[in-house]
Structures are given as structure tokens and as C-alpha cells.
Amino acid sequence: MKYLKGLAVVAIALVLVLVARKFLGQVGGRGPAARGGQISVIVDQVGMRQFATRIEAIGTAYANESVTITAPVAERVSKVLFESGETVKKGDLLVQLDDAEERAQVEEAKVSLDEQRRELKRVEALREKQMVSEQELDTRRSAAQAAEARLAAAQAQLQDREVRAPFAGLLGLRRISPGAFVNSGTAITTLDDLEMIKADFAVPETLLADIAIGQTIEAHSAAWLGQTFTGIVASIDSRVDPTTRAITIQAHIPNSDLKLRGGMLLTVNLISHVRDAVGIPEKALLAYAAKHYAFVLKPDGTVEKRELQLGERDIGWVEIPEGLKEGETIVVEGLMDLKDGAAVRVADAPAETAVQSQAVGP
């Protein structure tokens, strides 16, 4: 029994200590100050900031140019002249197929063409002397032209045995080996031009009026956390998807460091209507139901509770289209104890706040 009484005494003592601390804390400046009931607050001046309308969407990255390199004909692989992941230039030879037969056909076609040209010159000389007919001359000309066509066809077949890069870019994985027999259409590797990325994303048709060619976009990838990739809107699809009622937008993003790859998932922010507007820190806002307020410092040292209309939000800031003017002073700290018409005492910002302000300043 004595033990329980002792616990009760300890509990009552703890309650009295907590009440005393709360009272002393209010007297010390967290509540109304001892002098005239003034409340200590920190204020800031309303200024202009740059805001923009942001449309967020999910997009997919595509290479500027992308192709699967395939064998043009069925033939045995003679040489493989590239490695996986290699950067190549336009026209670089990637694979040499067996071309012995085609080279022989080219040589044969050249010999035949030389013979037909010599015969044509002989007939032309005879025609000048009226020793052959015009019909004979036409026949020789046709034969020479046919020989030229056969040579061109043989050279084209020879070129089909050389697989070259159609444009500069980054090769994918090598899918064949020397000595292998490939069929027409067999995949050899992939080639992507990644110097510029095309980002496709869809937005609701209701936002079509807010989108224009040349607008800035900011893209983020889960592979590169904290990094922003900036580009511009390059094209707008000519059709709205009748199922989703969305329209596809394509943006171009410079990618010289090749960090972005085709197929990546991107979070895209389309930035439009960039403007200078009145902005205040978000911590200066008070919300009651669906309305927002701020306390404005008046010349007589009291505050006015003023309803605000909110616009776009930026990191830590909010646009105020109506309710405040540039140059007015608002309370940014000490809001919880304030009421409309309350007298306040402006205090200096805490040391840590001042240090942060200097760190992020221009």
C-alpha cells in the first residue's frame, strides 16, 4: 500500500514539472511575449519568382535511329569485323560474307564489257565509212549496254556480301561467329544512334492547347537518380487515340554521354507558360478546409489574416495569383499562435535558417 502511494506521489510530481515547463516555454517566447502580449514571429517580404505550368507524364525512350543488322543473302560468314558494344561510323564494314563466286562473276562481266566496247568502236569506225548499216551499229550499242548492266548486277551481288553500318552509332551484342552459315534476314547485331533520344509520352487531349513545338521538357530516369535530362518538344501526333483520348508527344533529348538507352522508362515534365509571378514560401501558408491564408504584417505591428488564391507550386514555393502584392511582408514562422489582428514582435531568423539562406543564395 505504501508502495502505491509512493508511485502516486511521483506521478503527481511529474505532471507538475511538465505543466511548469510548458508555462515557462510560453513565457520564454514560444507563446505571447511578456511585453504587452506580443507574439514573436519571423517575417519575409513578398517577391516575384519564376513559375511555370508543369504537365507530368510517363514516357519511353527511343534511339534517334535504330535498326537490327541482318544478313542480306544466304551465305557463309567469312569475317566478323566488330565486337559487341563497339561504336562505329557510317559505312564501316561489319561482316564479310564468302564472295569468291561473286568476285569471279564481276571479273567475267568486266571482260565481256571490254569486248563489247571494242566491238562497238570497230563498228562505229566502219559506219563512218558507210561499210556497215545503221542497224548493225544499233545492235552493237545494245550489246554494250547489256554488258554494262550485267557488270552492275554482278557488282551489286558482290556488295551484298559486305554488311556495313547504315549510320553511325553503338552496336549491340554480336549474334554470329566466323564460319557460320546465315540465311537472308538472320540477325547479326543491333545498331542505335544514341546521340539524341526520342522520348514519346501521352497527355490528355484536354491539354492539347497548352502544348507547342519547342517547349522545354525535363525527363528523369530511375537509372540516374537525381539527374535531369532536358529536351524540347519536337513533334505532336496528328491523331488522338480514340480509346484513351490521349495524344502522343515526342521530345528530343541530347544524350552525348549515352546515359539514356532505348526502351528506358522516363518521367517527363512538360514546362509551359513560364512567367514571373508573386510567390511565397509554402511554410507561410495556413489551410482551413478548402481555403488558404497568410498573415500579412501591417504598419501598426499587427497582422491581418488574408485569404489567398493559389497557383502553381515549385519546390518549397507557391504562386499567389491573387491576395498578395510584391513588397508586402508576411509571417513565415510563429503562425500557430496568431489570430487576425494580433500584435506581433518581429524576431531575427534562427542562426541555422540564416546559414541555409546564405548557402542557397545566388
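Just so we're clear, the structure is a prediction, and the values are computed from it rather than from any experiment.
In this structure, L191 and L171 have side chains that are in contact, with non-hydrogen atoms separated by less than 4.5 Å. Side-chain contact between E148 and L113 is present, with at least one heavy-atom pair separated by less than 4.5 Å. The side-chain heavy atoms of V303 and V331, taken from C-beta on, include a pair separated by under 4.5 Å. Inter-residue side-chain proximity for I280 and L308 is flagged as met; some heavy-atom pair is nearer than 4.5 Å. Side-chain contact between L97 and V77: present, with at least one pair of heavy atoms (C-beta onward) separated by less than 4.5 Å. Between L270 and F201 there is a side-chain heavy-atom pair separated by less than 4.5 Å.
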Output a table of donor-acceptor pairs, distance under 3.5 Å, between side-chain atoms of residues 150-159 and any protein atom two or more places apart or on a different chain; print 'none' if there are none.
none

Below 3.5 Å, can you tabulate the donor-acceptor pairs from side chains in residues 173-186 to any protein atom, sequence neighbours excluded?
unit_1 : atom_1 : unit_2 : atom_2 : d
R174   : NH1    : I176   : O      : 2.9
S184   : OG     : P72    : O      : 3.2
T186   : OG1    : N183   : N      : 3.0
T186   : OG1    : N183   : O      : 2.9

Identify all side-chain donor-acceptor contacts of residues 319-326 below 3.5 Å with residues at least two apart in sequence or on another chain.
unit_1 : atom_1 : unit_2 : atom_2 : d
E319   : OE1    : R275   : NH2    : 2.8
E319   : OE1    : E312   : N      : 3.0
E319   : OE2    : R275   : NE     : 3.1

Give the table of side-chain donor-acceptor pairs shorter than 3.5 Å for residues 253-265, with sequence neighbours excluded, one pair per line with atom names and distance.
unit_1 : atom_1 : unit_2 : atom_2 : d
N255   : OD1    : K259   : N      : 3.2
N255   : OD1    : L260   : N      : 3.1
N255   : ND2    : L194   : O      : 2.9
N255   : ND2    : L260   : O      : 2.9
D257   : OD1    : K259   : N      : 3.4
K259   : NZ     : Q227   : OE1    : 3.1
R261   : NE     : L258   : O      : 3.1

Could you give the side-chain donor-acceptor pairs of residues 235-244 under 3.5 Å, partners two or more places apart or in another chain?
unit_1 : atom_1 : unit_2 : atom_2 : d
D241   : OD1    : T243   : N      : 2.8
D241   : OD1    : T244   : N      : 3.4
T244   : OG1    : A246   : N      : 3.4

Is there a side chain to side chain contact (heavy atoms under 4.5 Å, CB included) between R103 and R161? Walk through the geometry before answering. CA-CA 10 Å; R103 287 184 181 278; R161 270 66 185 174; over 6 Å; no
Between R313 and R54, does the side chain to side chain contact (heavy atoms under 4.5 Å, CB included) criterion hold? Intermediate values first, please. CA-CA 9 Å; R313 291 179 182 263; R54 292 176 177 266; over 6 Å; no
Where do V95 and F82 land on the side chain to side chain contact (heavy atoms under 4.5 Å, CB included) test, with the steps shown first? CA-CA 8 Å; V95 175; F82 72 94; 3.8 Å; yes
Do E119 and R122 pass the salt bridge (charged side-chain N to carboxylate O under 4.0 Å, His left out) test, and can you show the C-alpha distance, the side-chain angles, and the key distance before you say yes or no? CA-CA 5 Å; E119 185 65 20; R122 187 184 68 81; 2.4 Å; yes
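Cluster note: V132 groups with L120, V123, L126, M131, L137 through ILVMFWY side-chain heavy atoms spaced under 4.5 Å, whether in direct contact or through intervening members.
Looking at R306 and E328, a side-chain N of the basic residue comes within less than 4.0 Å of a carboxylate O on the acidic one, giving a salt bridge.
No continuous path of ILVMFWY side-chain contacts below 4.5 Å connects M48 to W317, so the two sit in separate hydrophobic clusters.
For Q135, the CD atom is loosely surrounded, since the number of other residues' heavy atoms within 6.0 Å does not exceed 12.
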